[in-house]
Amino acid sequence: MNKNCFLKNPPFSFFVLISFLSVIFFSCVTPPQKEECSRELLGNGIKNTGQLVKFFMSHKEDGDKEKAGRLAEYYVEEAAIEGINSDVAFVQMCLETGFLGFGNLVLPEMNNFCGLGAMDAEHPGEYFESERIGVRAHIQHLHAYATTPEVELKQECVDPRYSWPHKVKFARTVQELAGHWATDPEYGIKLNNLLDELSAF
């Protein structure tokens, strides 16, 4: 075939090839869509321990990365046992403790990561024997809010306040924790914003 003729009248197969290559190219350069963290208390979290730690450190560059890593592992493991969303539980821990800064009634040595029982100077909150047990109590308290009384825990109850939410509270999402878990009317919004941030990791 004459070269000039090819340039003026390229065969149909040439256009097919170019179209195919264009599709391949643009599909490769399209940025991946981020997966949103669920706002439901029940269910599985989508973030692994490494992603949870990166989120934590993005808020507190001088934070205790080793402790954050241990807690992330506990949250993922304990939440999976009870069917609780580990993403929600972890960001709630971050909010309640000021990213492990504490500073209010609850002290670090209490291993209380969600403000359980913290009301005033005479009632500073519950103490737990280890970090894992403290995380377990937090998960179980979320379970108490998110389920009805006939849904039993998989592990022995370590949350001394577990029975209380079952009597008067019920929450399916982080938004429904506002006014119940905490009196702050923007509590659900704060958790929602943290989950937005976590979704990017």
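- With hydrogens and angles ignored, the 3.5 Å screen pairs a side-chain donor or acceptor of Ser199 with a backbone N or O of Cys37.
- Proximity of a side-chain donor or acceptor of Asn85 to a complementary backbone N or O of Ser38 within less than 3.5 Å is detected.
- Using modelled atom types, no side-chain atom of Glu78 and backbone atom of Glu73 make a donor-acceptor pair closer than 3.5 Å.
- Taking the six-membered ring for Trp and the full ring otherwise, the centers of Tyr145 and Phe170 sit at least 6.0 Å from each other.
- Salt bridge absent: Glu82 and Lys154 never bring a charged side-chain N and a carboxylate O closer than 4.0 Å.
- Using a cut-off of 4.0 Å between Lys/Arg side-chain N and Asp/Glu carboxylate O, Asp159 and Arg136 are scored as not salt-bridged.
- Of the possible polar contacts, one joining the Asn112 side chain to the Glu126 backbone as a donor-acceptor pair under 3.5 Å is found.
- Hydrophobic clustering, with ILVMFWY side chains joined whenever heavy atoms are under 4.5 angstrom apart, keeps Val106 apart from Val158.
- The pair Glu176-Arg172 counts as a salt bridge, with a side-chain nitrogen and a carboxylate oxygen less than 4.0 angstrom apart.
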Next item on the list: Please report the C-alpha distance between Phe113 and Phe128 in whole Å, then the side-chain angles of each, then the deciding distance to 0.1 Å, and finally whether the side chain to side chain contact (heavy atoms under 4.5 Å, CB included) criterion is met.
Entry: CA-CA 10 Å; Phe113 303 110; Phe128 299 99; over 6 Å; no

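- With 3.5 Å as the limit, one finds no donor-acceptor pair spanning the side chains of Gln92 and Tyr75.
- Using a distance-only test at 3.5 Å, with no hydrogens or angles considered, no donor-acceptor pair links the side chain of Glu131 to the main chain of Arg70.
- Within 6.0 Å of the CG atom in Asp196, the count of heavy atoms belonging to other residues, nucleotides or ligands exceeds 12.
- With hydrophobic clusters built from ILVMFWY side chains whose heavy atoms lie under 4.5 angstrom apart, Met110 shares a cluster with Phe102.
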Next item on the list: Show your working on side chain to side chain contact (heavy atoms under 4.5 Å, CB included) between Glu61 and Met57 and close with a plain yes or no.
Entry: CA-CA 5 Å; Glu61 294 181 356; Met57 298 305 295; 5.7 Å; no

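- Counting only N and O atoms by type, the side chains of His59 and Glu197 include a donor and acceptor under 3.5 Å apart.
- For the residue pair Tyr162/His143, the side-chain donor-acceptor check at 3.5 Å is satisfied.
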